[in-house]
Number of protein chains: 2
Amino acid sequence: MTRRATAQDVADLAGVSRSAVSLVLNGRADGNISRAKQEAVREAALQLHYTPNAVALSLRSKRTETIGVLTWPDHRHMPLSLLGAIYEAASSAGYLLMMVDALQRPWQVDALLDRRVDGFVVVAPELVDFPLPETVTAVPTVMVNCLDPSLGASSLVPDEVGAGASAAQHLLAAGHHRLGVLAGTAGLASERRVQGVVRAVESAGLPPPVVLRAGHKIEDGHAAARRLLESEQVPSALVCTHERLALGALLAVADLGLRVPEDLSLVSLDDGEDLAGRLVPAIDLVERPDRVIATHALDLLVEQLRQGHSAVRRLTFVCPVRQGASVAPPRLRALHAG
Amino acid sequence: MTRRATAQDVADLAGVSRSAVSLVLNGRADGNISRAKQEAVREAALQLHYTPNAVALSLRSKRTETIGVLTWPDHRHMPLSLLGAIYEAASSAGYLLMMVDALQRPWQVDALLDRRVDGFVVVAPELVDFPLPETVTAVPTVMVNCLDPSLGASSLVPDEVGAGASAAQHLLAAGHHRLGVLAGTAGLASERRVQGVVRAVESAGLPPPVVLRAGHKIEDGHAAARRLLESEQVPSALVCTHERLALGALLAVADLGLRVPEDLSLVSLDDGEDLAGRLVPAIDLVERPDRVIATHALDLLVEQLRQGHSAVRRLTFVCPVRQGASVAPPRLRALHAG
DNA sequence: CTGAAAGCGCTTACAG
DNA sequence: CTGAAAGCGCTTACAG
């Protein structure tokens, strides 16, 4: 663990002043430093494996090229899909990330501020209200998959209502008339997704779908689907607001000796778990465009970083349908009559 | 975005020198600063919301209280279970994390070094060889779930062979004699887990298990399980080396109109996906003790941070069996005869 | 063309 | 008991 070389070390080895080193290495040696000395500096830097101390750089420039990521893990996992997309977008923009759980460890948000992160990306695993402290909104900040009720920062969120509607329309287009919905018990995401389904069904002039507030776990989906399939009015197709619910439903269908999609069609909304779309059969998915959202989020943040504050906006992103193998036309006879 | 207060601002407001501010706020004012001035400093600091600039602090102290996390995502997801455990352990020790994908973005490892992280935690989603560059091993480093072939740093890894053996013994204890194994196609983890199963079966004096190199995806598990269940010599129980394989197997069993555990018992090893143990039925799991490993890893790292380098060690952790509902005694008659 | 100085924001010896 | 100075490692005006 030997001490790393400083600009002074390079200067000494090259026989020039510290400032010369800085000028050469930052490409501002043009008419300032003689060719020979430039060479000497470069060689010395190479030989000593010199790279500038970023801490010293930051103290001077007041920029750390680091973005704080504030997560709000909620009752569920923090899927890596969204974080991964943010990481990639940030990397492309030249930033490193420091991630912190703002719900469980709020003091670390202050630690990030003390460390002078250039800005914040606030992110939640599923759409949620996330009240930002003023200390955060004082710095360039964008919110992904969450909303500050007091509009302290711009938000980029999926069109959850539209996603629910797309799921329903996808099933209606396949000929289904009796839809069921398996939804989470809480959260903005569940609410809006259900709302979208209900609206689409109503718009089609059909009777409202049966909505079961199941929960968020696989077993919740299993229990709810089972209940539905053993009820009087069995739907011919199910919308699941979360991937794990869809998996639970799939297992329940199998338990009853039935099949997807022959006996029941299934569509799931995407939580970024990379699960539902990989099942057998692959569940038809209304995808959350994580990469697109993350890319735009970082564009917006970088813009703020460059030109100081900008207007607070709320951007909504369309969720496309991805075909799987879990949707087929409904059977003609009612299931429970079979 | 107003400028944050500095020690000088506090000093001015309190009518003392900059050094006095430092002494008071760091609890070394004892016999040095008068009571009255101490009060004034504290009050001024409060009023200005002063907290020291961590960048300046770091430049001086040569410590950043930040740990670099190097991930090696392999062909699969990076489960948050292990990262979450590392984050929690690091937080408890007072460190913040900067995470970087060392495989895809090796230059960010240098960026971390430039930023003077105090040390590194290197982590992989599943056991893998991870050759560390010398620039990394020059700094305090611990490896979690991975091994540096050239022993540049201490490693903390699950006992994969033992885990495989435990899975097998768990099934043998339930009375199974004909085991099958669904394994990944590549990777140290798959290899060792399979090896553990084989050894345990041999130790019991039974014929070797059928081992299928399936892959790592749900559909891989599905296809392999299906093949096995339709073969001549159907095993009565399956060990899956990965959670997603177990899920695939479960779906395949259902496809054939069979049941777990009545027709086939299932045990899975744990990848930290929090998936297999939550299925319906819950799969019996040989757990990877992520929290324990992460806690020990940070203890070891902090120790290195305190006393400079220490001996390179390789620590192995036992994987306990967690009961689910996927194991039952074998049926008396052979499946394919039914 | 080149070097000495100032300053980013801290803390810690060191004089008074 | 208190203030001025040095120094962490950098870059950027500013004199020569």
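Residue numbering restarts at 1 for every chain, and letters A, B, ... go by the order of the sequence lines.
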Can you name the residues that form a side chain to side chain donor-acceptor pair (under 3.5 Å) with [X], not counting sequence neighbours?
X         : value
Thr295(B) : none
Arg313(B) : none
Arg63(A)  : Glu65(A)
Arg115(B) : Thr66(A)

| task | Give one of base, sugar-phosphate or nothing for Leu57(A), where a contact means two heavy atoms less than 4.0 Å apart. | result |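 Contact class for Leu57(A): sugar-phosphate only.
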| Mapping Leu59(B) and Ile33(A) onto DNA chain C by nearest heavy atom, which one lands closer to the 5' end? |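 On the 5' side of the pair lies Ile33(A).
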| said: Assuming nearest nucleotide by heavy-atom distance, tell me which of Ala56(B) and Ser34(B) is located more 5' along DNA chain D. | reply: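 The 5'-side residue here is Ser34(B).
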Let me have the donor-acceptor pairs involving side chains of residues 133-140 of chain A, under 3.5 Å, with sequence neighbours excluded, atom names and distances please.
from, atom 1, to, atom 2, distance (Å)
Thr137(A), OG1, Glu134(A), O, 3.2

| said: Show me the dot-bracket string of DNA chain D, counting Watson-Crick or G-U pairs under 3.5 Å, with | for pairs to another strand and [ ] for crossing ones. | reply: |||.||||||||.|||
| For residues 144-160 of chain A, which residue pairs qualify under side chain to side chain donor-acceptor pair (under 3.5 Å), counting only residues two or more places apart or in two chains? |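 For residues 144-160 of chain A: Asp148(A)-Ser150(A), Glu160(A)-Arg193(A).
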| query | Can you list every side chain to side chain donor-acceptor pair (under 3.5 Å) pair that touches residues 53-62 of chain B, not counting sequence neighbours? | reply |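 Sorted result for residues 53-62 of chain B: empty, none.
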| Can you name the side-chain contact (heavy atoms from CB on, under 4.5 Å) partners of Ile33(B), sequence neighbours left out? |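 Ile33(B) satisfies side-chain contact (heavy atoms from CB on, under 4.5 Å) with Ala20(B), Leu23(B), Val24(B), Ala29(B), Lys37(B), Gln38(B) once adjacent residues are dropped.
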| When you list every nucleotide of DNA chain D with an atom under 4.0 Å from a heavy atom of chain A, which one comes first 5' to 3', and which comes last? |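 For DNA chain D, the relevant span reads dG9(D) to dT12(D).
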| task | Decide whether Gln108(B) and Ser91(A) meet the rule of one side-chain donor and one side-chain acceptor closer than 3.5 Å. | result |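 There is such a pair (donor and acceptor under 3.5 Å, judged by atom type) between the side chains of Gln108(B) and Ser91(A).
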| query | Taking DNA chain C as the partner, which of residues 14-28 of chain B come within under 4.0 angstrom of it by heavy atom? | reply |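 Nucleic-acid contacts, sorted: Arg18(B), Ser19(B), Ser22(B), Asn26(B), Arg28(B).
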| request: Mind jotting down which residue pairs meet the ring pair (Phe, Tyr, Trp, His ring centres under 6.0 Å) criterion with at least one end in residues 86-115 of chain B? Sequence neighbours excluded, please. | output: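 For residues 86-115 of chain B, and leaving out neighbouring residues, there are no ring pair (Phe, Tyr, Trp, His ring centres under 6.0 Å) pairs at all.
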| message | Taking dC10(D) as the reference, what is the distance to dC1(C) when you measure between their P atoms (whole Å, please)? | response |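 So the two P atoms sit 26 Å from each other.
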